[in-house]
Structure formats: C-alpha cells, structure tokens
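So that the names make sense, note that chain A is the first sequence line, chain B the second, and so on, each numbered from 1. When reading the values below, keep in mind they use all heavy atoms of this one structure, side chains included, and skip hydrogens, waters and symmetry mates.
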2 protein chains.
Amino acid sequence: MRVYNFSAGPSTLPEEVLKEAQRDLLDFAGTGMSITEISHRNKAFEAVVNEASSLLRELMGIPEDYAVIFVQGGASQQFAAVPLNLMHTGTADYMVTGNFAKKAWQEGKIYGNAVKVADSSDRTYTYIPDVDAVPFSENADYVHITSNNTIFGTRFVKFPQVKAPLVADMSSDILSREIDVSKFGVIYAGAQKNIAPAGVTIVIAKRSLIQSPLPVCPTMLQWKVQDENNSLYNTPPCFPIYIALLVLRRLKALGGIKAINEINEYKAGLLYAFIDGSSFYRNGVVKECRSIMNVPFVTPSKELDEAFVKEAAGAGLVSLKGHRLVGGMRASIYNAMPVEGVKALIEFMKQFELAHK
Amino acid sequence: MRVYNFSAGPSTLPEEVLKEAQRDLLDFAGTGMSITEISHRNKAFEAVVNEASSLLRELMGIPEDYAVIFVQGGASQQFAAVPLNLMHTGTADYMVTGNFAKKAWQEGKIYGNAVKVADSSDRTYTYIPDVDAVPFSENADYVHITSNNTIFGTRFVKFPQVKAPLVADMSSDILSREIDVSKFGVIYAGAQKNIAPAGVTIVIAKRSLIQSPLPVCPTMLQWKVQDENNSLYNTPPCFPIYIALLVLRRLKALGGIKAINEINEYKAGLLYAFIDGSSFYRNGVVKECRSIMNVPFVTPSKELDEAFVKEAAGAGLVSLKGHRLVGGMRASIYNAMPVEGVKALIEFMKQFELAHK
C-alpha cells in the first residue's frame with residue numbers, strides 16, 4: 001500500500017509517473033532496451049534530454065541566453081562549482097539563512113573571500129533577514145542565497161536586488177512558484193525534491209557569466225563545458241533525467257507553475273491554518289518567511305513529538321521526523337504531495353491531539 | 001521485444017534484475033514508497049548501501065583498510081578527483097593507452113606535473129605498452145592506468161609493478177575478472193557498464209593514501225569525506241546504488257568473479273575465434289592485449305560496416321556501431337550480455353558475410 005511520504009528529499013513522486021516508468025522499465029520508447037540500458041548517444045535518449053530542457057525553459061520562462069544543464073553531485077557539489085565558475089575577483093557575498101546556505105558559504109571560502117553578509121542563526125534560522133538592509137559588498141562576483149531552507153521551513157518571498165549576479169540554490173522550491181529567471185545569474189537545484197529521483201542536479205546559468213571558470217575547476221564542474229555538450233560531455237544520469245521529463249510533462253499538463261503554485265499555497269495554507277488555530281501544535285517560523293514546501297512543527301513535548309512520528313508512520317504518514325538540528329516534526333509537501341496527503345496529515349494531527357492532550 | 005544491446009555504456013543489465021526493479025518500483029522493501037522516493041536517511045536505504053558495499057568487498061576481496069564509496073559524476077569526474085586527492089608532491093605518471101586514459105592525463109595536468117610515461121597512440125592504441133619497459137618517475141605520487149580501453153578494445157593483462165600507488169580506472173572491466181586489489185592504491189569505475197545504470201561511480205581506495213586532499217579539492221570530491229560518511233555525506237544516487245546491489249547479489253549467486261570471468265572468457269573466445277577464422281572480418285588489436293569486454297571489428301569496407309550496423313539492428317542486435325575514433329563495429333559484451341547474445345551476433349555475422357562477400 002502506498003503511504004504519504006513527507007520526506008524532505010528524496011521525496012514523493014507523482015504516482016502516475018512511477019507507473020509509467022514501471023510499465024516502460026524493460027522497453028523504453030519501443031527500443032527493446034530499458035532507459036537504464038540505452039546509450040546516452042542513442043537518439044532516443046538525446047530526445048529525452050532535449051525535451052526535458054525545452055520543457056524546463058518553457059515552464060520557467062528561461063531566457064535564451066541562459067544555459068540549462070543536467071549535472072551530477074547534488075547541490076552540495078554546486079557549492080564548489082559556484083565559486084569555481086564565478087569567483088573571478090575573489091570576493092562573493094553569502095546570505096546564511098540555514099544549514100545548506102552555511103555549507104555553501106563555507107565551501108566558497110575555499111576559493112576566495114566568501115563574505116557572510118547576513119546570518120539568521122541568532123534565532124535558529126527561523127526568519128529571512130530583510131534583503132533591503134543587507135550590507136552587500138561593492139565588488140562581489142556574485143551574491144548567493146538559498147531560496148527555501150528545507151530544514152528550517154523558511155523561504156525568501158522577496159529576493160535581493162543587487163548589482164552582482166544573484167545565485168540561488170533552489171533545491172527545495174524550484175518549480176513550486178513563479179520566479180523571474182532573468183533576475184538571477186545562476187539557479188541550481190538538486191532534483192530529488194520537486195523534479196526527479198536523486199542523482200541529477202539542474203543548473204540554469206546566464207551564459208555570459210560562465211565563460212571563464214577558475215584554472216583549478218575540474219572539467220566536469222565547468223558549466224560551460226556541460227552547456228557546450230548539451231549535458232552529454234560524459235555519460236549523464238539517464239534514469240533521473242528521464243523521470244524529470246515525465247514530471248515536467250505532467251506539470252505542463254496540470255497548467256504549469258502558476259497552477260501548481262496555487263495548489264501549493266492551498267496545501268500549505270491548510271496546514272499552517274490548522275497549526276495556528278491549535279494550542280497543541282506550534283510552528284516557530286516568522287509568518288511572512290514561512291516556506292510552502294517544508295512545514296516544521298512541534299507538540300508540547302519531545303516525548304509527544306516522538307510518539308507523533310511513530311504513530312503517524314503506523315497510520316501511513318511517513319518521514320515526518322524533523323531534522324536533528326530542529327527536532328520535532330517536518331512535513332515536506334512538495335509539488336507531488338497530493339492535497340489528500342495534507343488533509344490526511346491534518347486529520348491525524350487532530351486525532352493525535354485528542355488522544356494526547 | 002528485448003534486443004541484444006551491445007552498447008559500450010550505458011549497457012545491458014540482467015533481465016531478472018530489471019524485472020525485480022520493475023516489480024518493486026512502487027513499493028520498495030514493503031515501505032510503501034519507491035526506491036526513487038525513499039529518504040537516504042531511512043534505515044531501509046542505509047541497508048542498501050551497506051549490503052552493496054559489503055558484497056563488493058566480498059566479491060572483489062577488498063582489504064579492510066580500503067574505503068569503498070559510491071559517488072557521482074562518472075569516471076570523468078574522478079579524472080580530477082585522483083590528482084585532487086593524491087597529488088601531494090606534484091608529480092604523477094600516466095600510461096596513455098586510449099582516449100579516456102588521455103583525458104585522465106590531461107585533467108591531471110591541471111593540478112601538477114602529470115607525466116605521460118607511455119603512449120600507444122602511435123598504433124591507434126591497438127596495444128598496451130610493455131609495463132616492464134616504462135620509465136616510471138622516481139617520486140611520483142601515483143601511477144595511473146586504464147585497465148580496459150573501451151573504445152579500442154585493449155586491456156592490461158599484466159599490471160605495472162611500481163613503487164608509487166597504482167591507480168586504475170576500471171570502468172569497463174571491474175567485476176569481469178579477478179584482480180588483487182591490494183596491489184592497487186585506488187580503483188575507480190563508472191558503474192554503467194558492469195554494475196548499474198549510469199549515475200553512480202565506485203571508488204575503492206587505500207585509506208592511508210587519501211587523508212590529505214589538496215586544499216582546492218571540492219568537499220564532494222574528497223574521498224575521505226565520502227568514506228567517513230558511508231557515501232551518505234549528501235543525497236546519493238539512490239536508484240543506481242539499488243540496482244548495483246541487485247547486480248552484485250546476482251553475481252554472488254552465479255559464483256562470483258571467478259565464475260563470471262570464465263563465462264566472459266568463453267564469450268570473448270567465441271567471438272575472437274570467429275573473427276580470426278574469417279577472411280571477411282578483422283580485429284586489429286594485438287592478440288595478447290585484447291579486451292574480453294569490448295571487441296572492435298571491421299568488414300572489408302566502410303560501406304559494408306554501415307550496412308552491417310543497420311542490418312544487425314534490424315535483426316535485434318543493437319548499438320554495434322564503433323566509436324567515431326575507430327569506426328567499424330564494436331561489440332561490448334559485459335557481464336550481463338548472455339552467451340546467447342554473442343552466439344546470435346556470430347550467427348548474424350555469418351549470414352551477413354554470406355550475403356555481402
């Protein structure tokens with residue numbers, strides 16, 4: 001029996017996508033081969049890459065002068081790729097709004113003067129600093145932000161307006177809301193939340209910015225090389241790219257990002273409204289900074305939190321344990337989480353409160 | 001209908017493995033989640049990583065003081081990781097026996113004095129230079145070889161005996177023949193030939209060698225970090241690791257590497273014997289250097305080569321086109337290629353010769 005999977009990533013995928021992948025697993029596009037077996041030089045696979053990148057361009061409104069590439073290593077590898085491709089003068093600004101934002105900043109320090117221009121650790125990353133009050137550096141090569149903080153359940157609602165190219169790790173909210181790509185220099189995202197199984201990372205980068213990687217940049221981390229080779233410089237992660245294509249097709253059929261954003265706002269709205277109306281559950285994030293993808297919450301005690309996670313799993317609502325840095329619970333309600341999953345969670349929360357209050 | 005897929009990589013997987021993956025695609029290990037959806041922090045997934053690495057240790061006889069890690073980016077990314085983890089004095093030796101060996105050497109040059117100590121390009125890489133006659137450097141940090149050259153169809157039968165740690169890219173022959181791991185400092189392999197779908201790369205490294213990566217080494221490329229985190233430093237490529245586990249289980253059940261090596265020798269023996277006995281087909285590789293994984297061959301003309309590839313595909317024998325650097329045909333007959341596939345190829349070759357001679 002399928003459960004409702006609230007994992008922060010890897011995370012739930014649309015059931016119809018999985019069923020299509022299952023049906024075709026031994027014979028992809030009539031080739032007599034599995035998508036896991038076909039050569040990446042086969043035209044049938046090249047068509048997968050091309051359609052996936054075209055759909056991504058269409059859905060996100062990516063300008064023509066931006067590269068769209070599929071790479072490996074997750075966002076964590078991009079924490080190095082960002083300075084290795086962009087840090088020319090040796091200074092870059094980082095807004096440290098969570099654990100991964102901090103890791104990105106620390107990786108940046110390997111390659112130059114990575115300046116922590118904002119830091120919300122003083123209140124356990126429960127808010128996003130006012131972007132208009134941040135003392136950005138005069139000559140930074142880029143400004144790095146994490147658009148949605150998976151662990152802490154915050155997101156940027158307003159993005160900084162800066163002279164330097166804005167670089168965003170959008171791993172946990174890409175494709176969940178409309179953004180103006182042209183306002184960004186680089187957007188990157190591990191796919192295992194809103195797009196595909198783990199193993200593929202998407203990079204969207206303004207081509208004019210990525211022409212001179214640092215001399216120590218490994219060839220495989222050079223965005224320019226990946227762009228010039230249509231993500232086929234070496235063997236790509238074929239299966240996750242294929243699933244990404246199925247997910248993107250489905251997203252288009254649903255009405256695109258505008259439509260899914262409405263559903264996401266609705267799902268998150270239901271859950272936050274229930275939490276806010278309860279005296280038993282609490283979400284500690286500053287309201288205007290709340291993520292619509294990751295909703296952390298607690299009960300009145302650690303013991304009850306533990307019981308909640310356990311009993312919820314018994315009821316088919318799994319992976320609700322919060323990150324160890326935060327504790328409590330976290331419901332990740334990405335694009336593929338059905339409204340019914342959120343409703344089932346709220347129903348369970350009601351029952352749990354009645355039983356344990 | 002399933003075809004016989006002779007692709008050099010990604011390449012054919014055991015049909016029973018694909019069927020198992022298909023059956024369980026929506027519900028992995030009774031979790032109610034797909035292996036593509038389950039958190040990498042879930043114990044059921046950790047068990048996958050642990051069993052896969054244990055099985056690899058057992059099958060290859062990997063000593064306890066070696067790390068076994070699953071990473072991303074393919075062998076091409078390891079071309080950078082090798083110097084970034086090992087190039088301490090700044091000199092390393094490379095035996096350039098093919099296209100990927102050359103790429104590894106070129107990448108090494110980014111980080112130090114990568115010395116080309118041997119080069120078989122004078123005869124289009126159709127042989128492996130005598131390892132006892134190579135002028136290895138006195139103080140190299142390591143000696144890099146490519147154990148099997150996928151494009152050119154050669155392999156090292158005898159490995160160099162060197163003072164410096166021997167580093168081998170075994171992408172296209174790992175698990176195909178018995179080797180003494182203790183004679184190597186590092187072995188790495190993209191999985192998409194003998195192990196799994198594209199997207200996971202295996203690194204086997206003597207721990208004492210990998211404790212001091214270069215300062216510019218990205219965290220994600222530090223083997224030490226991956227080892228200390230049991231390949232779970234960040235989200236790993238879960239699906240390819242899972243398929244690797246199924247392939248390794250099957251290999252063990254078949255009798256391990258000794259058993260598959262006998263089958264591989266038998267398959268390659270059939271094909272080479274047929275080619276050598278023919279006046280129509282030709283394999284240009286020096287006999288004692290012939291690969292048992294990749295068998296390039298030509299007909300008397302380019303036109304016939306083209307016709308061969310096309311007609312073979314029509315007969316359900318696909319991906320036989322040789323690499324553009326070599327032309328002609330190439331039959332990649334990895335562990336998962338059944339004996340029947342090789343026999344069907346030989347039968348087709350006979351018919352084609354009769355029809356076109």
K.L.:
Which one wins on heavy-atom pair count under 4.5 Å against chain A: B:Glu107, B:Met1, B:Lys321?
P.N.:
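Looking at each of B:Glu107, B:Met1, B:Lys321 in turn, B:Glu107 comes out on top.
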K.L.:
Report which part of B:Leu221 has an atom under 4.5 Å of a heavy atom belonging to chain A: side chain, backbone, both, or neither.
P.N.:
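B:Leu221 touches chain A through side-chain heavy atoms alone.
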K.L.:
If I measure from the heavy atoms of chain B, does A:Thr36 come under 4.5 Å with its side chain, its backbone, both, or neither?
P.N.:
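Both parts, heavy atoms under 4.5 Å.
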K.L.:
Counting only heavy atoms closer than 4.5 Å, note whether A:Gln22 contacts chain B via side chain, backbone, both or neither.
P.N.:
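The answer is both parts of A:Gln22.
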K.L.:
Answer with side chain, backbone, both or neither: which region of A:Lys103 has an atom nearer than 4.5 Å to a non-hydrogen atom of chain B?
P.N.:
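For A:Lys103, the side chain is the part near chain B, not the backbone.
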K.L.:
Is chain B contacted by the side chain of A:Pro236, its backbone, both, or neither, given a heavy-atom distance below 4.5 Å?
P.N.:
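Contact with chain B: backbone only.
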K.L.:
For A:Leu214, which atoms come within 4.5 Å of any heavy atom of chain B: side chain, backbone, both, or neither?
P.N.:
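The answer is neither part of A:Leu214.
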K.L.:
Which region of A:Arg23, side chain (C-beta onward) or backbone (N, CA, C, O), has a non-hydrogen atom less than 4.5 Å from a non-hydrogen atom of chain B, or is it both or neither?
P.N.:
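Backbone of A:Arg23 only, per the 4.5 Å heavy-atom cut-off to chain B.
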K.L.:
Is the distance from the ring center of B:Tyr94 to that of B:His144 below 6.0 Å?
P.N.:
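Aromatic pair counts; centres sit under 6.0 Å.
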K.L.:
Could you have a look at B:Ser11, B:Pro237, B:Ser319 and say which one has the most heavy-atom pairs with chain A under 4.5 angstrom?
P.N.:
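Among the listed options, the one with the most contacts to chain A is B:Ser11.
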K.L.:
Could you look at A:Gln77 and say if it's the side chain, the backbone, both or neither that has a heavy atom under 4.5 Å from chain B?
P.N.:
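Both parts, backbone and side chain.
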K.L.:
For B:Ile243, is it the side chain, the backbone, both, or neither that has a heavy atom closer than 4.5 Å to a heavy atom of chain A?
P.N.:
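No part of B:Ile243 comes within 4.5 Å of chain A.
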K.L.:
List for me each residue that meets ring pair (Phe, Tyr, Trp, His ring centres under 6.0 Å) alongside A:Tyr4, sequence neighbours excluded, and say none if there are none.
P.N.:
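A:Tyr4 satisfies ring pair (Phe, Tyr, Trp, His ring centres under 6.0 Å) with no other residue.
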K.L.:
Would you please classify the geometry between the A:Phe79 ring and the A:Phe100 ring as parallel, tilted or perpendicular, with 30° and 60° separating the classes?
P.N.:
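Taking A:Phe79 first and then A:Phe100, their aromatic rings sit tilted (interplane angle of 30° to 60°).
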K.L.:
If the threshold is 4.0 Å, N to carboxylate O, is there a salt bridge linking B:Lys19 and B:Glu15?
P.N.:
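Counted as a salt bridge, because a side-chain N and a carboxylate O are separated by less than 4.0 Å.
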K.L.:
Under 4.5 Å from any heavy atom of chain A, what part of B:Ala21 do you find: side chain, backbone, both or neither?
P.N.:
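Its backbone and side chain both get close to chain A.
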K.L.:
Please rank B:Val216, B:Val318, B:Ile110 by heavy-atom pairs under 4.5 Å with chain A and give me the top one.
P.N.:
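When all of B:Val216, B:Val318, B:Ile110 are compared, B:Val216 has the most.
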K.L.:
Under 3.5 Å, side chain of A:Thr150 to main-chain N/O of A:Ser172, donor-acceptor pair present?
P.N.:
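The answer is no, because no donor-acceptor pair under 3.5 Å joins these two groups.
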K.L.:
Counting only heavy atoms closer than 4.5 Å, note whether A:Ile38 contacts chain B via side chain, backbone, both or neither.
P.N.:
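Backbone only.
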